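Only one structure is covered here, and it is reproduced in the block below.
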2 protein chains.
Amino acid sequence: METLTPAKSLVQMTYEAILDEICTGSLTPGTRLSQDHLAAQLNVSRQPVNSAITMLKAQNFVEDTGRRGVVVAAVDRKLFDAIYQFRAAIDPLAVELSIKRMAEKDIAEAREIIARGKACVEAAQSQAVLQADIDFHSLIYQLSGNAIIIDTMHLNWRHLQRSMRKVLQHPGMTAQVWSEHEQIFDAMVAGKTAQATALMRAHVRDAPNRISNPKG
Amino acid sequence: METLTPAKSLVQMTYEAILDEICTGSLTPGTRLSQDHLAAQLNVSRQPVNSAITMLKAQNFVEDTGRRGVVVAAVDRKLFDAIYQFRAAIDPLAVELSIKRMAEKDIAEAREIIARGKACVEAAQSQAVLQADIDFHSLIYQLSGNAIIIDTMHLNWRHLQRSMRKVLQHPGMTAQVWSEHEQIFDAMVAGKTAQATALMRAHVRDAPNRISNPKG
DNA sequence: ATACCAAATTTCGTATACAGAATGCTGTTT
DNA sequence: AAACAGCATTCTGTATACGAAATTTGGTAT
């Protein structure tokens with residue numbers, strides 16, 4: 001019989017809880033993270049909180065003030081741009097690797113995500129649109145079968161989640177995004193590797209511009 | 001006056017100490033990491049050791065046994081291949097970004113690394129060759145100016161360090177590598193972006209084959 | 001001799017305790 | 001009134017303590 005882990009460690013739970021609050025905006029940039037306060041809030045001792053903060057620091061979600069303790073890191077345009085440069089290389093690779101590995105059920109899942117994304121655009125539910133965006137690209141990372149891509153991009157999207165929350169207030173901006181998603185995925189299903197990767201590369205390359213110059 | 005940090009935290013020092021031992025092979029795959037033992041060895045309490053191990057676990061340098069404690073992760077050919085797939089996308093990007101950003105002193109540093117690499121190949125000092133290899137590629141990541149590339153590839157090379165230690169026992173295998181490094185860098189200095197990135201892509205693409213079929 | 005069960009020991013995860021550093025508060029001096 | 005010195009307070013990093021889980025050991029029964 002398989003000995004499935006009963007519950008995650010407190011460090012892991014604490015880490016995820018804090019990271020969620022940072023990425024969803026409950027904890028805004030500059031907010032000081034008091035270990036005592038967080039420990040009380042999450043009903044754990046300071047020990048798991050301290051470990052969790054150590055990890056968040058290593059991943060640049062919080063920053064040392066030099067003084068005492070850490071604060072939630074600022075949302076940084078430079079970091080956003082760096083991740084998009086990075087994605088311009090990695091996302092097309094993930095597309096290429098995925099094409100050979102897609103199964104029927106993966107295709108169905110992607111179609112569901114695309115439908116959901118479009119529906120949320122219609123309904124102007126910006127947070128749900130962002131989640132669908134994350135889901136779409138994460139699915140492709142998963143399908144790539146490359147553990148490095150999966151792990152690395154998971155973290156990067158956590159940062160993007162922070163950056164994009166602000167920006168996605170502009171409704172309508174994402175309509176074209178979902179048309180592009182669909183085109184990319186159609187090309188993948190059709191096995192057109194060169195076309196799919198080119199579309200993905202363009203998709204990622206254009207995204208930062210759309211955010212700089214949102215024209216509705 | 002600048003308040004330079006007097007010393008790194010014990011967690012950080014402990015993390016680096018353990019990671020070094022894993023990557024240099026002092027701690028071999030499968031070795032159990034006892035917190036008590038490590039704490040005694042490093043003259044710290046179990047608390048920093050515990051935090052450090054949590055981080056190493058998240059980065060796949062150690063793995064849970066399901067039982068008690070963690071062991072040094074196996075050197076995994078799948079992981080090696082995944083990183084090289086990844087590098088095939090990222091290293092050319094780093095080259096492209098670096099070309100516009102190289103200063104005289106960077107060029108001198110690269111030349112020094114290349115000279116050192118070649119000398120170590122001649123002297124058949126495989127560990128020093130590996131270090132020069134790491135230095136060469138890390139310099140390009142640095143020059144890219146992209147923080148995500150720098151951080152991500154730093155971790156990935158730690159994994160590669162483990163994989164390549166074994167393999168680099170084959171002397172002579174690396175002679176061509178350093179010729180390629182030089183060609184890549186010459187193209188970079190000459191500002192030939194397309195050529196430099198193409199050479200880097202080929203360089204990374206061929207490396208895993210050279211390791212699978214070493215022919216001296 | 002081998003297999004099995006229970007006590008003892010190891011060791012991990014988490015909580016709590018402690019020490020040092022940084023901030024703030026208060027009283028005094030100019 | 002403003003500024004500074006020094007004490008009190010707060011808070012982090014690290015050490016130690018505690019409880020639970022798991023492995024090992026020793027003994028017994030077959």
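Atoms considered below: every heavy atom in the structure, side chains included; atoms not considered: hydrogens, waters and symmetry mates. Every chain is numbered from 1 and lettered A, B, ... according to where its sequence line falls, protein lines coming before strand lines. Computed from a prediction, not measured in an experiment: that's the story for all the values here.
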message: Could you tell me how far apart Met13(A) (CE) and dG13(C) (P) are, to the nearest whole angstrom?
response: 15 Å
- prompt: Should the ring pair Trp157(B) and His137(B) be called parallel, tilted or perpendicular, given that the plane angle runs from 0 to 90° and is split at 30 and 60?
  reply: parallel
message: Counting only side-chain heavy atoms from C-beta out, which of dT16(C), dA22(C), dG13(C) sits nearest to Arg68(A)?
response: dA22(C)
- request: Could you work out which one of dT11(C), dA15(D), dG13(C) sits closest to the side chain of Arg32(B)?
  value: dT11(C)
- request: Please determine, for the side chain of Val44(A), which listed nucleotide (dC12(C), dA15(C), dA15(D)) has the closest atom?
  value: dA15(C)
- prompt: Charged N to carboxylate O below 4.0 Å: is that the case for Asp64(A) and Lys57(A)?
  reply: yes
query: The side chain of Ser45(A) lies closest to which of these nucleotides: dA15(D), dT14(C), dC12(C)?
result: dT14(C)
field: Rounded distance in Å - CG (Leu33(A)) to P (dT10(D))
entry: 20 Å
query: Taking for each residue the nucleotide of DNA chain D bearing the nearest heavy atom, is the 5' side occupied by Pro48(B) or by Gly69(A)?
result: Gly69(A)
- request: Please work out which of the three classes, parallel, tilted or perpendicular, describes the rings of Tyr84(B) and Phe80(B), given edges at 30° and 60°.
  value: tilted
field: Rounded distance in Å - CD1 (Ile53(A)) to C1' (dT12(D))
entry: 10 Å
- request: Take atom CZ of Arg46(B) and atom P of dT16(C), then tell me their distance rounded to the nearest Å.
  value: 16 Å
- request: Output yes when at least one side-chain N/O atom of Gln35(B) is less than 4.0 Å from OP1 or OP2 of dG13(C), else no.
  value: yes
field: Expected output: side-chain Ser51(B) to main-chain Pro48(B) donor-acceptor under 3.5 Å
entry: no
Integer-rounded Å distance: dA15(C) P and Leu42(A) CG: 11 Å
Whole-Å distance separating the CG atom of Asn43(B) from the C1' atom of dT14(D): 14 Å
- line: When rounded to whole Å, the CG to P distance for the pair Asp64(A) and dA22(C) reads 12 Å
task: Could you tell me the separation between the CD atom of Gln47(B) and the P atom of dC12(C), rounded to a whole number of Å?
output: 14 Å
query: Between His154(A) and Tyr141(A), is the gap from one ring center to the other below 6.0 Å?
result: no
- prompt: Counting side-chain heavy atoms from CB outward, which of dT14(D), dT11(C), dA17(D) is closest to Asp36(B)?
  reply: dT11(C)
